[in-house]
J.: 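Just passing along the structure, written as structure tokens.
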Number of protein chains: 2
Amino acid sequence: MSTLAQGKADLERASTAQKVADMLRERVLDGELAPGLRLSEEAIGGALGVSRNTLREAFRLLTRDRLLVHEHSRGVFVRRPTGDDVRDLYAARRVIECGALRLWDTVTEAQREAVRAPVRQAVARAEKNDWTKAGQANIQFHRGIVRLAGSTRLSDESDRLFAELMLAFRVAQEINDFYQTYVPWNRRIVELLNNGQVSEAVDQLNEYFDAAEEDLVNRLDAQ
Amino acid sequence: MSTLAQGKADLERASTAQKVADMLRERVLDGELAPGLRLSEEAIGGALGVSRNTLREAFRLLTRDRLLVHEHSRGVFVRRPTGDDVRDLYAARRVIECGALRLWDTVTEAQREAVRAPVRQAVARAEKNDWTKAGQANIQFHRGIVRLAGSTRLSDESDRLFAELMLAFRVAQEINDFYQTYVPWNRRIVELLNNGQVSEAVDQLNEYFDAAEEDLVNRLDAQ
DNA sequence: GATCGTTGGATTGTTGAACGATTCTACGAT
DNA sequence: ATCGTAGAATCGTTCAACAATCCAACGATC
């Protein structure tokens, strides 16, 4: 059965536009393509060896994910998140993640473990000063929370929100030291959950959002 | 100021692909293009007088909105929502709308009125047996709830969820008589809110989702 | 009679070129 | 220094072409 699923994954081969979009997404998220940069159709298409039409399809996919912004007759640009964007993102996260976390007592043990495990990993990575991996584990923690809701649509949209947020982190130059503050916070949330104090855990998550949002907005507006 | 806003709206002229997508979206939502139908690039492009490339752009937009599904080398089809789709949609709605409704005491009066007004309208329309308008007002009610969260990203995504849900309603042939049952329910929710019983209103909303989901899933699986 | 290749036609995936429309840039006039 | 204008660069859209893929019909085999 797992081999069949594997085979199906192979069957669903990506289109050229999809592959180009995946490559560009990486470049945007690791900062190689800086926020605000304009992506010329001719230049990028030439460099990647794809036609303009195919490249435009890839641009559209990334625009859907809010990593690029499209301006009519001007081209596409790497999104440069503003303070307002961050506020909007956290308003959405508050509703989604706090709402999902409230379902803690109704979900399967596997779903709960998908929330706990990333925190253990983040703690371990943080002790080794590997903040890149710690940051990835932190995202897995929040992805796990969203998945408590049991909706693939909600999970997919949240992944887009997370990706957009990563852009904001980059602009705020907050990639490394940010998690140093908040890893302990996540740990406390999991402790409360294991204690059966779901409501208190939700409160902590809300406070975490308050602090993270304010920190990020301040750094963005300072620029 | 309003004239300036008007001028700006004119400036943001829609691209051809956007206009084509809007037209197709209407056709899909009012059932002219039935769920499951395959949309031939050549046939539709010829009928609308746009090139294949432009039409494919429009298809991408509607695929993002989940009204169409794309199958590699096979074409695009009008989505035919399944019971699982509906369960997924309601799992997302539960988290989003209940989470947003919990913010009732923290939002502006204008935001609260955007929840109450559509219910009054739905009641009035229902008394005149105008179920189409009553249904539209019902959607405005739920849109108003989502907007309590204050996130445009969340509101936009919810609009897509609603559109997809309308497709499911159509497949279930539940366009007219559905709201007859649930308009009074919405009314009760607003009464509770006006009474300051936010928590009870959330419970009612949750029960509404339970009932609506089960009803819709049953009708879909029966086919 | 049912299952399995094969073949040909239809549709999609991708490319390249073309041209009008729009934006940007640089230069010169006031 | 500001404004307007001409020219270059880029985008929006269309068209034609060909390879890759899918599909339906037809026989071949057991």
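Quick note on labels: first sequence line is chain A, next is B, and so on, each numbered from 1.
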J.: Which whole-number value in Å describes the distance from A:Leu48 CG to C:dT15 P?
T.: 11 Å
J.: What is the separation between atom CZ on A:Arg60 and atom C1' on D:dG12, rounded to the nearest whole Å?
T.: 10 Å
J.: What's touching nucleotides 17-19 of chain D from the protein side, N or O pairs under 3.5 Å?
T.:
none

J.: Whole angstroms only, please: what is the NZ-P distance between B:Lys19 and D:dG12?
T.: 14 Å
J.: On DNA chain D, check which nucleotide each of A:Asn53 and A:Val76 is closest to and give me the residue with the more 5' one.
T.: A:Val76
J.: Under 4.0 Å between a side-chain N or O of A:Thr16 and OP1 or OP2 of C:dT14?
T.: yes
J.: In B/S/- notation, 5' to 3', how is nucleotides 5-10 of chain D contacted by protein heavy atoms closer than 4.0 Å?
T.: -----S
J.: Rounded to the nearest angstrom, tell me the gap between atom CG in A:Leu55 and atom C1' in D:dC11.
T.: 12 Å
J.: A side-chain contact here means heavy atoms from C-beta on lying under 4.5 Å apart; do B:Asp85 and B:Arg66 qualify?
T.: no
J.: For B:Asp30, check side-chain contact (heavy atoms from CB on, under 4.5 Å) against everything at least two apart and list the hits.
T.: B:Glu32
J.: Look up atom CZ in A:Arg60 and atom CZ in B:Arg60, then write down how far apart they are to the nearest 0.5 Å.
T.: 9.0 Å
J.: Heavy atoms under 4.0 Å, any strand shown: does A:Gly49 hit a base, just sugar-phosphate, or nothing?
T.: sugar-phosphate
J.: Please list, chain by chain and in numerical order, all residues satisfying salt bridge (charged side-chain N to carboxylate O under 4.0 Å, His left out) with A:Arg87, sequence neighbours excluded.
T.: A:Asp84
J.: What integer distance in Å separates B:Glu71:CD from D:dC22:P?
T.: 11 Å
J.: Can you find a side chain N or O atom of A:His70 that sits less than 4.0 Å from OP1 or OP2 on D:dG12?
T.: yes
J.: Just to confirm, is there a sub-4.0 Å distance from OP1 or OP2 of D:dT14 to any side-chain nitrogen or oxygen of B:Thr54?
T.: yes
J.: Identify, with sequence neighbours excluded, every residue that meets side-chain contact (heavy atoms from CB on, under 4.5 Å) alongside A:Val107.
T.: A:Leu103, A:Gln111, A:Arg112, A:Leu148
J.: What are the two closest heavy atoms between B:Arg80 and B:Gly36, and how far apart are they?
T.: NH2-CA, 3.7 Å
J.: Identify, with sequence neighbours excluded, every residue that meets salt bridge (charged side-chain N to carboxylate O under 4.0 Å, His left out) alongside B:Glu213.
T.: B:Arg94
J.: Measure the shortest side-chain to side-chain distance between A:Arg25 and A:Asp22 over non-hydrogen atoms and say whether it is less than 4.5 angstrom.
T.: yes
J.: With rounding to the nearest 0.5 angstrom, report the CD to CZ distance, B:Glu157 to B:Phe162.
T.: 10.5 Å
J.: Between C:dT23 atom C1' and A:Phe77 atom CZ, what is the distance in whole Å?
T.: 10 Å
